Number of protein chains: 2
Amino acid sequence: MDRRASEKDDDTSAKERPTLKTLAFMTGLGVTTVSRALKDAPEIGAETRRRVQLVAKQIGYRPNRAGVRLRTGKTNVISLVLNTEHELMSFVSDIIYGVTEVIADTPYHLIVTPYSRSQDPLDPVRYLVETGSADGVIISRAQPNDPRARYMLEHGIPFATHGRTDMGLVHPYHDFDNYAFASEAVRHLAGIGRRRLALLTPPIGLTYRGHTVDGFTDALSEVGASEVPFNTVTIDHSIEQIRMRTAQLMRREDRPDGFVSSAAAATLAIVAGIEDAGLKLGRDVDVVSKQSSELLHLFRRELFVVNENFRLAGSELARAVLGWIGGAAPGSLQSLSKPGEVLPYRHSGGQ
Amino acid sequence: MDRRASEKDDDTSAKERPTLKTLAFMTGLGVTTVSRALKDAPEIGAETRRRVQLVAKQIGYRPNRAGVRLRTGKTNVISLVLNTEHELMSFVSDIIYGVTEVIADTPYHLIVTPYSRSQDPLDPVRYLVETGSADGVIISRAQPNDPRARYMLEHGIPFATHGRTDMGLVHPYHDFDNYAFASEAVRHLAGIGRRRLALLTPPIGLTYRGHTVDGFTDALSEVGASEVPFNTVTIDHSIEQIRMRTAQLMRREDRPDGFVSSAAAATLAIVAGIEDAGLKLGRDVDVVSKQSSELLHLFRRELFVVNENFRLAGSELARAVLGWIGGAAPGSLQSLSKPGEVLPYRHSGGQ
DNA sequence: TTGGCAATCTGTAACGTTTCAGTATATTGA
DNA sequence: TCAATATACTGAAACGTTACAGATTGCCAA
């Protein structure tokens, strides 16, 4: 009853997974010929090629990944490297879906490689390279001088970064235009009469913090508004801390009448802080916030939002890495996503 | 200058990744002996074993995954199977971190295997089993009669489900006690004088919808409150739909004075719908909601929340799968997470 | 007729690992 | 002394794939 024990060499009717040997036996060809026929090598006769591919399709042949990987070193794996405490929730979810969307009809698998605060961010990357665990890597939280990007360039492994670096080295990236976001936000606030603005920045050390700050200050002087420093917290701080600092700030004489916030969750905290101080959103102060899922307008209708699409980022990053693996020039695999306009509350319910 | 071309057999000083052959050469032993020494096989002399392990550590030997996988079939991979449109954002993020936390100090990698609405949920699971791509699988959105669980049991691949099944088959799972959540929520609402309650349920077809509904109705009759049917939407519906249906419901004569909601995002929509109808949360109606990240209390202070920890779920599921792979009895790898008490708003800011 | 060449196809080896079936040496029992 | 046995180690084979270096055939030019 047990059909496990295979009959040595002739796998004629075995229920095991078909291999090249199976195909070779069925077609009467050699294993080498089958292998080449399946990958459209030139020295295989047209009819033979068709015949092999037909049989392969019929019996549902799928190349054994371990075999390929052992022989060629090709893993067919893309690794997404994530920080386990500081990524935005929606970022993780959306970027994964974006990546999987792109690799769905390729042989690639997505593996998630985490690292925590206590680790050197280089650790996971080093691991991947040393063990040859992936053909391509996606990293987030890019820094102006990013040791991970440098390391991967030195070791010749294709990668893409979410966010840009600034080392004079060229590599694929996808980024959101945070300069445009921040400057548009300032212009919008100025347009509704706000003149004393505070910025809740991205975390220190990341490239896009610089872009955001630059957009903010440039637009500030353009419209003739002034900045109220708000440097004690960033969007990486806890909700409670941001809330407390905001409340402190709003109880001061020289409080801001406008905020620009780089993340939705932080915006909740800012608003809570504003209200803790007894002030009212839309009357005493206005807030423009980035968001990645369309929820802020439910929170307070007075909020202004700019949408950032992380799913798109995931897709672009995946495309970039695959492109590099496929031999495209790294410099041609860079993309910058422009923010849409600043959106006010729009009533979508009712009848 | 190019040191790529290796010198055939004697890898004495090559900068390539060390293999068993490298270790064999360095120790003067055979490849077989080295292999066994590294896995503490009994027929290796104590000193030899120590010596081999020391050298292995020194030169940073790491077994080649492809070699192991090809020879033994062991992949050292856990696959997390996710629906690309209906998982909660926070679920994806947190469960991934929970899983990676547990497998961090094991040789396991986590791969994410997505499937979309248009696909049979069985597809990704079938793929994993047929291609032998993973040693263990984690699936979410368990159904009472779940073809995926049945399939994996039949094919003997270890797995764990987020949520329970109800097929008389025993397998590892982790679940949140949604019966307790719903009944506690009802009791809480009754305790503050609410008598006409509506339930926004989990999606039709999932096991925990039944648990939630049962907890809700049992507690209703226990406290002598009545149900206002709210069956046209579930938490899988869009924010806009839930909002619209809620507003419709709240404009009726026989509107509810209390809601129980199974997801935080849906709760935002419910509140928006309530306010669309011109009613006020906390005065005209109260809402108890589950949430997985502590943000709802920032949204409206009048909300009551119960926390569900998805990171814990991820850890438990990973532990369960690893346990099963390690030979533990599937029946011993089931866990149920009890909800905490219903939490009112607590002011945490200010001084 | 013969040598050359293009077009197809094939066997062998190798990637790194584990398992199987040994071998060599020392130790024991009688 | 010899055989039996335990201890410690080893080579060869195999997992499925691809690359290398041929083989075989037919055809054409000289």
Side-chain angles (χ1 to χ4, degrees), chain A residues 4-11 14 16-52 56 59-76 107 130-133, chain B residues 4-11 14 16-52 56 59-76 107 130-133:
Chain A
R4 170 75 49 79
S6 61
E7 47 276 36
K8 208 59 176 156
D9 243 333
D10 57 314
D11 26 359
E16 307 290 321
R17 193 147 91 95
T19 70
L20 288 182
K21 205 158 85 176
T22 320
L23 283 179
F25 178 80
M26 293 179 74
T27 56
L29 296 164
V31 173
T32 305
T33 310
V34 173
S35 172
R36 309 185 97 147
L38 288 177
K39 46 177 51 70
D40 290 317
E43 63 266 74
I44 300 296
E47 195 208 309
T48 305
R49 194 204 323 282
R50 272 200 308 276
R51 199 158 60 88
V52 170
I59 66 173
Y61 167 77
R62 309 223 195 204
N64 179 304
R65 311 190 117 232
V68 175
R69 181 164 171 178
L70 180 57
R71 178 62 233 241
T72 65
K74 171 127 222 223
T75 62
N76 284 309
E130 283 176 359
T131 61
S133 289
Chain B
R4 170 76 49 78
S6 60
E7 46 278 37
K8 207 59 177 156
D9 244 333
D10 57 314
D11 25 359
E16 307 289 320
R17 193 147 90 96
T19 69
L20 288 183
K21 204 158 86 178
T22 319
L23 283 179
F25 177 80
M26 294 179 73
T27 55
L29 296 164
V31 173
T32 305
T33 310
V34 172
S35 172
R36 308 184 99 149
L38 287 177
K39 45 176 52 68
D40 290 318
E43 62 266 74
I44 301 295
E47 195 209 309
T48 305
R49 195 206 322 283
R50 271 199 311 274
R51 198 158 60 88
V52 170
I59 67 174
Y61 167 77
R62 308 228 197 196
N64 179 304
R65 313 190 115 233
V68 174
R69 180 164 170 177
L70 180 57
R71 177 63 233 240
T72 65
K74 172 129 220 219
T75 62
N76 285 309
E130 283 175 0
T131 61
S133 289

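In what follows, every heavy atom counts, from backbone to side chain, and hydrogens, waters and symmetry copies are set aside. In this text, all values refer to a predicted model and were calculated from it rather than measured experimentally. Chain letters run A, B, ... following the sequence lines, proteins first and then strands; every chain starts at 1.
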Fill in the blank from the handout: Between K21(B) and V31(B) the two heavy atoms that sit nearest each other are CA-CG2, 4.2 Å

Practice task
Let me know the distance between CG of L70(A) and P of dA19(D), rounded to the nearest Å.
Solution key: 13 Å

Practice task
Answer with yes or no whether R36(B) presents, from its side chain, a donor or acceptor under 3.5 Å of a partner atom in the base of dT10(D).
Solution key: yes

Exercise for the section: Write down the distance between CD (E47(B)) and C1' (dT7(D)), rounded to a whole number of angstrom. Expected result: 15 Å

Problem - Spacing of N64(B) atom CG relative to dT18(C) atom C1', expressed in whole Å - result: 13 Å

Exercise for the section: Supply the atom-to-atom distance I44(A) CD1 to T32(A) OG1, rounded to the nearest 0.5 angstrom. Expected result: 9.0 Å

Exercise for the section: Looking only at side-chain atoms of K39(A), point me to the closest of dT17(D), dT18(D), dT17(C). Expected result: dT18(D)

Handout entry: E47(A) CD: over 12 foreign heavy atoms closer than 6.0 Å
Key = no

Completion exercise
Taking dC9(D), dA14(C), dT18(C) as options, the one with an atom nearest any side-chain atom of L29(B) is dC9(D)

Practice task
In whole angstrom, give the distance that lies between atom CZ of R65(A) and atom C1' of dG16(C).
Solution key: 18 Å

Exercise for the section: Compare all side-chain heavy atoms of R69(B) with those of L70(A) and state whether any distance is below 4.5 angstrom. Expected result: no

Problem - Separation of atom CG in L23(A) from atom C1' in dT17(D), rounded to whole Å - result: 13 Å

Completion exercise
Between P18(A) and V34(B), the residue closer to the 5' end of DNA chain D by nearest nucleotide is V34(B)

Practice task
Record whether the side chain of T32(B) comes under 3.5 Å of the base of dT18(C) through a donor-acceptor pair of N or O atoms.
Solution key: no

Practice task
Quick one: label G67(B) by what it contacts on the DNA or RNA (base, sugar-phosphate, nothing), any heavy atom closer than 4.0 Å.
Solution key: base

Exercise for the section: Establish, with yes or no, whether the OP1 or OP2 oxygen of dT10(C) is under 4.0 angstrom from a side-chain nitrogen or oxygen of T33(A). Expected result: yes

Handout entry: Under 4.0 angstrom between K21(B) side-chain N/O and dG16(C) OP1 or OP2
Key = no

Practice task
For dT18(C), take OP1 and OP2 only and decide whether either is under 4.0 Å from a side-chain N or O of S35(B).
Solution key: yes

Practice task
Could you tell me which non-hydrogen atom of P18(B) sits nearest to which non-hydrogen atom of G60(B), and how far apart they are?
Solution key: CG-O, 4.2 Å

